[in-house]
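Notes to accompany the following structure.
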Amino acid sequence: MCLILALGGVLAAPVQAEPRQPAGLKVVTWNMDWLTLHPSSPDLPPDIPRRSAHAFQALRHYARRLQGDVIVVEEVADEQAIWNVFNRDDYRLFLANDPVAQRVGLLVRRQAGLTITRHPDLSTLALSRPGAHHPLRSGLDVTLADARGHSLRLLGVHLKSGCWARPLAETGHACPFLYRQFQTLEEWILDRADSGEAFVILGDFNRQLTARDPLMARLLADAPLTLTTSGLASPCQGGRRFIDHLLLGGEARNWLVPGSLQVMVLPPAPQTENPGQKETETLSDHCPVSVQLNWPLSVP
């Protein structure tokens with residue numbers, strides 16, 4: 001049995017650091033559902049969302065309301081699409097280098113005062129598949145550091161869909177590809193454990209991870225981890241278990257503010273004046289999921 005996390009679409013504002021208090025960092029993942037300004041491109045599936053100006057206006061409203069300090073986004077086509085939702089004066093943007101229309105990106109709030117070191121994309125996640133039009137998506141790998149010497153290694157991911165809860169014995173469908181991607185995550189986690197880094201893996205795992213899931217058990221065998229969505233179900237997914245996760249490791253597990261997991265529930269796209277377009281519009285089929293991290297005062 002899982003507890004449904006229902007927040008009514010309202011997210012609290014980021015924790016404001018007061019004198020001699022830990023610094024707050026709001027970390028978010030949001031799959032934006034084929035975010036592109038050119039949905040009729042011949043290299044895209046014909047059934048992806050067609051968003052009107054009204055829908056983009058609504059997305060901009062929720063992006064401002066989100067107030068994330070560090071936001072990993074999935075399924076974004078390019079910088080142009082991102083800046084049609086987020087304010088470029090507020091954020092720095094990094095995109096994975098994959099030549100696909102569903103890229104992983106990272107937005108870091110400028111006022112957060114963080115230094116960003118970009119590492120090579122985790123391209124071993126971008127598995128080639130016979131007959132597929134494009135490979136899967138690479139992971140976006142960066143280190144965030146503040147002025148006091150704290151650092152957080154961050155890996156943004158969007159894993160293979162179609163194996164949400166199938167057993168490890170499953171050899172058909174999408175599962176073998178997802179299993180191989182989890183092996184890559186294991187290796188990345190082991191490297192972080194060896195170097196003693198605080199880290200977070202976040203994004204669309206396309207897996208209903210729980211403490212009992214065999215793929216989660218494999219990760220836990222490599223290092224202590226905190227699955228922030230454990231035991232909860234997403235109000236965005238009609239009460240089903242989360243497939244968007246934030247996974248903490250190393251010292252970052254101690255920075256998690258208890259009970260800070262939040263979901264911004266998005267409404268249906270606003271009505272347009274085009275009745276034929278109304279049924280195909282959407283804001284996103286995922287909702288932003290966030291946690292609050294409090295970095296300690298003392299320098300490690």
Side-chain angles (χ1 to χ4, degrees), residues 1-6 27-31 72 74-75 104 122 124-127 129 136-141 153-193 198-250 252-256 258-263 285-291 293:
M1 181 177 179
C2 55
L3 175 66
I4 296 178
L5 183 70
V27 182
V28 186
T29 176
W30 187 4
N31 184 318
V72 166
E74 302 91 50
E75 296 196 21
V104 176
L122 194 60
T124 45
L125 290 175
L127 301 172
R129 296 166 294 147
L136 296 174
R137 291 131 317 225
S138 299
L140 186 60
D141 190 352
R153 188 75 173 257
L154 179 149
L155 179 66
V157 301
H158 183 189
L159 304 184
K160 181 71 181 80
S161 65
C163 189
W164 297 281
R166 293 179 181 273
L168 287 182
E170 174 66 68
T171 58
H173 304 281
C175 292
F177 296 101
L178 186 69
Y179 301 161
R180 288 170 59 190
Q181 289 181 316
F182 265 79
Q183 291 174 357
T184 294
L185 294 185
E186 287 186 75
E187 295 171 2
W188 190 89
I189 289 171
L190 286 170
D191 287 341
R192 306 288 76 73
F199 65 88
V200 56
I201 306 174
L202 69 164
D204 183 356
F205 285 67
N206 271 311
R207 181 74 177 182
Q208 296 175 353
L209 291 178
T210 67
R212 297 181 179 180
D213 184 85
L215 290 177
M216 185 66 204
R218 285 168 50 166
L219 299 183
L220 288 170
D222 299 322
L225 302 168
T226 297
L227 178 63
T228 59
T229 53
S230 182
L232 300 171
S234 173
C236 186
Q237 301 295 332
R240 297 192 300 272
R241 295 186 185 276
F242 282 91
I243 61 172
D244 302 294
H245 302 284
L246 300 99
L247 188 62
L248 303 174
R253 300 176 67 216
N254 298 323
W255 302 343
L256 176 65
S260 64
L261 181 75
Q262 295 183 319
V263 177
D285 57 354
H286 292 244
C287 298
V289 182
S290 67
V291 296
L293 303 181

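Along the sequence shown, residues are numbered consecutively beginning with 1.
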Derivation and outcome, side chain to side chain contact (heavy atoms under 4.5 Å, CB included), residues Val200 and Val291: CA-CA 11 Å; Val200 56; Val291 296; over 6 Å; no
Test side chain to side chain contact (heavy atoms under 4.5 Å, CB included) on Val263 and Asp244; report intermediate values, then the result. CA-CA 10 Å; Val263 177; Asp244 302 294; over 6 Å; no
Using the side chain to side chain contact (heavy atoms under 4.5 Å, CB included) rule, take Leu232 and Phe242 through it: C-alpha gap first, then chi angles, then the decisive distance, then the call. CA-CA 7 Å; Leu232 300 171; Phe242 282 91; 3.8 Å; yes
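Interatomic distance, Phe205 CZ to Leu247 CG, rounded to the nearest 0.5 Å: 5.5 Å. Here the straight-line distance linking atom CD1 of Ile189 with atom CZ of Phe182 works out to 9.0 Å at 0.5 Å rounding. In this structure, CD1 on Ile201 lies 7.0 Å from CG on Leu219, to the nearest 0.5 angstrom. To the nearest 0.5 angstrom, Asp222 atom CG is 12.5 Å from Arg192 atom CZ. Taking CZ of Arg180 as the reference point, atom OG1 of Thr184 lies at 8.0 Å (rounded to 0.5 Å). We find the CD-CZ distance between Gln208 and Arg240 to be 7.5 Å, quoted to the nearest 0.5 Å.
One N or O on the side chain of Arg207 and one on the backbone of Cys163 form a donor-acceptor pair closer than 3.5 Å. Arg137 places a side-chain N or O within 3.5 Å of a backbone atom of Leu159 that can act as its donor or acceptor partner. Judged by distance alone, the side chain of Glu75 and the main-chain N or O of Asn31 form no donor-acceptor pair under 3.5 Å. Under a 3.5 Å cut-off, the side chain of Asp204 and the backbone N or O of His158 do not form any donor-acceptor pair.
Counting heavy atoms from C-beta on, the side chains of Trp188 and Leu125 never come closer than 4.5 Å. You'll find the side chain of Asp141 reaches within 4.5 Å of the side chain of Arg153, heavy atoms only. Between Val157 and Leu185, the closest side-chain pair of non-hydrogen atoms falls below 4.5 Å. Side-chain contact between Phe199 and Leu225 is present, with at least one heavy-atom pair separated by less than 4.5 Å.
Between Ala193 and Ala223, the shortest heavy-atom contact is CB-CB, 4.4 Å. Summarising the geometry of Leu136 relative to Ala126, their closest heavy-atom pair is O-CB, 2.8 Å, with the distance given to 0.1 Å. Across all non-hydrogen atoms, the minimal contact from Tyr179 to Arg166 is OH-O, 4.0 Å. Pairing each heavy atom of Ser161 with each of Trp164, the nearest pair is CB-CZ2, 4.3 Å. Nearest heavy atom pair, residue Leu227 against residue Met216, reads CB-CE, 4.1 Å. Closest approach of His286 and Cys236 over heavy atoms only: C-SG, 3.5 Å.
Considering Leu256, Thr228, Thr226 as possible partners of Leu246, the one that fulfils the side-chain contact (heavy atoms from CB on, under 4.5 Å) test is Thr228.
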